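A short worksheet on the structure shown next.
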Amino acid sequence: MSISRSQVEDFLYMEARLLDSQMFEQWMDLFSDDAVYWVPAGRDDIDPSRHVSIIHDDKESMAKRVKRLRSGFAFAQDPASRVHRLISNVRILSEDQASGALEVTCMMLLVELARKRQTVHTAFCEFSFDTRKDPWSIRRKKVNLLRNGEVLESTPFLI
Amino acid sequence: MIPNIDELIQNDLIHRSVYTDPKIFDLEMEYIFNKCWVYVGHVAEIPEPGDYKTTFIGRNPVILSRLSDGEITLLINRCRHRGPIVCQHEYGNSKHFRCPYHSWTYDNSGKLVGVPMPQGYGSTFDRDRLGLAKVARVAQYQGFVFGCMTEDGPSLEEYLGGITRFLDAYAAVSASGKIELFEGVQKCGYNGNWKYQLENGVDPYHVGALHLSAVTPEAMKIYRQGVGCVIAMDGHGVTDHTDWGPMPADAGLSGGFNLVIFPNLIVLRSQIRTVRPIAVDRTEIYTNVVRLSGVPEEVNIKRMRDQELEFGAAGTFFTDDLEIFERTQEGLQSGAVEWLVFARGLDREEVKGGYMTGAMSDETQHRGMYQNWKRHMMAAASSLMAAE
Ligand code: FES
Ligand SMILES: [Fe+2]
């Protein structure tokens with residue numbers, strides 16, 4: 001039976017909620033060992049082997065970010081940003097039942113409150129899932145920020 | 001009222017108004033950014049004929065272009081008719097810049113080549129005198145291009161002084177001897193004065209403290225042991241860690257050097273950072289990432305991935321730097337305490353190789369940069385005094 005949009009939405013809401021609640025370890029567990037977590041710089045369609053990104057992490061780098069946030073010395077997150085993520089415009093692009101590959105896109109509205117300042121980001125997000133096991137794993141998360149070519153404020157939280 | 005520049009910079013003390021007074025910022029734009037050699041870009045950003053980059057020298061919007069003969073030119077990005085910028089893109093390739101307002105058209109050497117309905121101007125209209133204004137001087141060293149808004153003053157090489165040796169060593173890490181760049185720029189902003197980033201670019205003292213969450217235990221040990229030195233070099237700042245190791249190809253924290261070239265260029269590890277002052281309490285940082293020739297592709301990719309993890313707007317190091325710059329701007333609003341303390345190493349620094357040199361965690365390099373700042377700003381004070 002094919003995957004419904006509401007199943008995908010449930011997963012994306014859960015992922016967003018883990019980040020909003022700072023459950024970083026559980027969030028990281030959603031990703032496969034070969035996962036890529038990518039926030040391009042400049043524009044959405046860059047080649048990350050030739051062009052610099054804002055974030056281009058493998059799982060090891062993601063773990064370093066989380067370890068830093070938990071270290072007690074991440075001064076830029078003391079106090080931690082409060083973040084609300086709103087997910088919408090969810091679309092299933094393709095599903096391959098044999099391999100479990102599922103390609104999804106959505107829009108994210110992210111509002112961060114830190115040091116009395118509210119910062120709004122919007123992004124077009126692309127996800128590749130492996131749906132063979134429950135829960136699914138994320139093989140690729142790409143966050144195309146609307147402002148990826150602009151000067152950004154410090155972004156010490158996970159996008 | 002003219003701020004009393006002379007008193008704001010003591011040898012080991014700096015007055016808070018240097019970072020908070022908008023009048024000081026206005027004077028800096030005029031007497032530092034309009035007088036010094038200011039970094040505008042690297043030739044690797046405009047490799048082909050017709051390539052251009054737009055940027056700023058202080059408050060002057062400028063266009064850095066490569067002409068068809070390969071020469072580099074630096075023009076003021078401002079239509080000679082009634083003032084709009086003529087180029088709104090950051091990078092591009094064009095032989096012409098056309099102002100859309102009334103279609104005055106300039107070639108990329110600045111010459112005014114097209115004016116619609118020219119008969120409306122009288123016989124005194126001289127289009128040869130209405131080309132885009134040229135920045136008074138442009139020069140490059142190891143491909144780093146600088147512009148200077150005044151005709152007189154030292155040549156670029158005189159201005160860089162001892163720094164040229166370090167730029168040579170930086171370029172030599174690439175097998176071709178030439179600096180190459182990854183595409184793209186990382187851009188970050190903070191609500192604080194531009195000079196915090198200059199101080200911080202050559203500040204080994206903070207690495208083991210502010211970056212406790214990000215620095216590896218091995219690097220932390222070296223920083224605590226204080227291998228290397230800091231140098232006040234011809235008005236610029238250097239931290240020289242080559243005792244620890246040469247500039248490493250993988251751009252890791254294991255030797256090499258950091259350079260702060262007054263007033264707006266920082267070269268360290270794999271990064272070329274341009275500091276752009278926007279207001280007394282607003283600064284933008286533009287970072288290009290250097291790729292090497294003659295190394296395996298994985299080494300270059302690792303340079304870029306490490307830079308992204310650690311620096312840039314989401315970097316594990318840089319977010320804490322940006323945070324402290326904003327907290328400093330907040331703290332300095334208080335007039336209850338007037339002075340910042342730059343006294344580390346005062347009684348152990350000594351002249352070595354012709355330059356005042358301190359231990360690795362000292363503030364000798366900062367004192368040198370602020371004496372340079374003071375020299376330029378004193379010129380402001382005396383010409384304002386003469387005008388009053
Ligand atoms: S203002 Fe540029 S052509 Fe008139
Ligand atoms: Fe730092």
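Please read these numbers as outputs of a predicted model, since none were measured by experiment. Below, read A as the first sequence line, B as the second, and so on, with proteins coming before strands; counting in each chain starts at 1.
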Residue [X] versus chain A: region with a heavy atom under 4.5 Å:
{"X": "E330(B)", "answer": "side chain"}
{"X": "Y286(B)", "answer": "side chain"}
{"X": "E297(B)", "answer": "side chain"}
{"X": "L181(B)", "answer": "neither"}
{"X": "I301(B)", "answer": "side chain"}

Counting only heavy atoms closer than 4.5 Å, note whether [X] contacts chain B via side chain, backbone, both or neither.
{"X": "S154(A)", "result": "both"}
{"X": "R70(A)", "result": "neither"}
{"X": "P48(A)", "result": "both"}
{"X": "R117(A)", "result": "side chain"}

Can you tell me how the ring of [X] sits relative to the ring of [Y], calling it parallel under 30°, perpendicular over 60° and tilted otherwise?
{"X": "H211(B)", "Y": "F317(B)", "result": "tilted"}
{"X": "Y170(B)", "Y": "F144(B)", "result": "tilted"}
{"X": "F97(B)", "Y": "Y52(B)", "result": "perpendicular"}
{"X": "Y37(A)", "Y": "W27(A)", "result": "perpendicular"}

Counting heavy-atom pairs closer than 4.5 Å to chain A, which one of [options] comes out on top?
{"options": "G315(B), G189(B), A214(B)", "value": "G189(B)"}
{"options": "T287(B), N191(B), I285(B), L210(B)", "value": "L210(B)"}
{"options": "K187(B), E183(B), E326(B)", "value": "E183(B)"}

Flag for Y190(B)-E284(B): side-chain donor and acceptor within less than 3.5 Å: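 The criterion, which ignores hydrogens and geometry beyond distance, is not satisfied for Y190(B) and E284(B).
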
For residues T316(B) and R65(A), is any side-chain donor paired with an opposing acceptor at under 3.5 Å?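 No - no donor-acceptor pair under 3.5 Å links their side chains.
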
Would you please indicate if the ring centroids of W136(A) and F127(A) are separated by under 6.0 Å?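 Ring centroids of W136(A) and F127(A) are no less than 6.0 Å from each other.
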
D203(B) and H366(B), any side-chain heavy atoms less than 4.5 Å apart: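 When only atoms from C-beta onward are counted, D203(B) and H366(B) do touch, with a gap below 4.5 Å.
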
Indicate yes or no: at least one non-hydrogen side-chain atom of L340(B) is less than 4.5 angstrom from one of Y19(B).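 L340(B) vs Y19(B): side chains touch.
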
Specify which of R43(A), K64(A), R115(A) makes the most heavy-atom pairs with chain B at under 4.5 Å.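 Ranked by heavy-atom pairs under 4.5 Å with chain B, first place is R115(A).
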
